[in-house]
Protein chains: 2
Amino acid sequence: MKSVLDQIRPDNDQANTCPIRDVLDRIGDQWSLLVLATLDPGVKRFSQLEREIGDISKQMLSKTLRRLEQDGFVAREVHAEVPPRVEYRLTALGRSFLEPMRGLIRWAEANQAAIVAARRRA
Amino acid sequence: MKSVLDQIRPDNDQANTCPIRDVLDRIGDQWSLLVLATLDPGVKRFSQLEREIGDISKQMLSKTLRRLEQDGFVAREVHAEVPPRVEYRLTALGRSFLEPMRGLIRWAEANQAAIVAARRRA
DNA sequence: GCGATCTGGTCTATGTTCGAGACCGACTAC
DNA sequence: GTAGTCGGTCTCGAACATAGACCAGATCGC
């Protein structure tokens, strides 16, 4: 009778690290998912990500990329040229993460109208 | 050749409201998902949610619940008694949202070890 | 030479958000 | 009268995000 969602609750983590809270605290911020999605088609440079995302600040892009790299979602490759060239790409882990995300995205597309309607009613 | 994930990018929204960004900005915060998950088994009262989640402040619980109610994920029912009794329950929309979430949660469970390992390596 | 330009960032000042915890009304139990 | 219950709200300081200036180091036009 235990729901998968039970796993999300804090009393379920022996070592003070509930997997879902851990993962979602890093992914669920304003930008991480957006960066991952933008990186989905292939390798991109810093300024390319900046342009494509549009409304992210350099600082947040930098910070987000560094954390995603730390966590093994993206790989960073520096080319020692002038001007410098830095490339970012998804790792296998990053790509595998986007799989379940697509389900959520489909849900969002299908149900946004309902949410907007509820918002208007309220 | 268009990825579903393309939908996430800002240049895809005519009316400045990309469905996925819209939905995830509200759901992807620290607490919303946690509240929804806690509400999954059934009706709960305010202080019950507070106790079960544990590390949420009253303010954030209140704010999160109000936004989830606004967006049509949860329903709020006040019983005019003393002391007051307020019950929260998932709506059909809220329940349907948890479906795709389960995929993400399974991914988190399966891959957290890899993330922790990457973090240690970095 | 002299400046403008390119890149991938960092630094700083300002604004927004968050958690802790005090406080509240209305009523009950002692 | 004093304390406790419940579902919140208010205030305060701390943490965090944002915009935008700034940087090095090399190359380009003139």
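Sequence lines set the chain letters: A, B, ... in the order given, protein chains first and strands last, and positions in each chain run from 1.
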- Mark up nucleotides 14-30 of chain D, 5' to 3', with B wherever a protein heavy atom is under 4.0 angstrom from a base atom, S wherever such an atom reaches only the sugar-phosphate, and - elsewhere. ---SBB------S----

Got a sec, which residues hit side-chain contact (heavy atoms from CB on, under 4.5 Å) with [X], two or more places apart in sequence or on another chain?
X	answer
B:A118	B:R121
A:R51	A:S47, A:Q48
B:V86	B:R76, B:V78, B:Y88

- Query: Would B:V116 end up clustered with B:L104 when hydrophobic side chains under 4.5 Å apart are linked, directly or stepwise?
  - Reply: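 Cluster IDs for B:V116 and B:L104 differ.
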
- Message: Students should find this one: the first and last nucleotides of DNA chain C, 5' to 3', lying under 4.0 Å from a heavy atom of chain A. What are they?
- Response: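 The contacted stretch runs from C:dC6 to C:dT12.
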
Just to verify, what does [X] make a salt bridge (charged side-chain N to carboxylate O under 4.0 Å, His left out) with, not counting sequence neighbours?
X	answer
B:R26	B:D22, B:D71
A:R45	none
A:R85	A:E81, A:E87

- Task: Could you list by number each residue of residues 65-81 of chain A showing a heavy-atom separation from DNA chain D of less than 4.0 Å, or answer none if no residue does?
- Result: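 Residues of residues 65-81 of chain A that come under 4.0 Å of DNA chain D do not exist, since none gets that close.
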
- Can you tell me how far P of D:dT9 sits from CG of B:L61, to the nearest Å?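 My rounded result for the distance is 10 Å.
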
- Item | Angle of first-five versus last-five pair axes in the helix from C:dG1-D:dC30 to C:dC30-D:dG1, to 10 degrees |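 The angle, to the nearest 10 degrees, is 20°.
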
Do any side-chain atoms of residues 58-65 of chain A form donor-acceptor pairs under 3.5 angstrom with protein atoms, and if so which ones, sequence neighbours left out?
unit_1	atom_1	unit_2	atom_2	d
A:S62	OG	A:R66	NH2	2.7
A:T64	OG1	A:M60	O	2.6

- Is B:R89 salt-bridged to B:D40, going by a charged N under 4.0 Å from an acidic O?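 Looking at B:R89 and B:D40, the cut-off is not met.
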
- List in chain and number order the residues that pass side-chain hydrogen bond (donor to acceptor under 3.5 Å, both in side chains) with A:S32, two or more places apart in sequence or in another chain; answer none if no residue qualifies.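 A:S32: side-chain hydrogen bond (donor to acceptor under 3.5 Å, both in side chains) contacts with A:D29, A:R67.
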
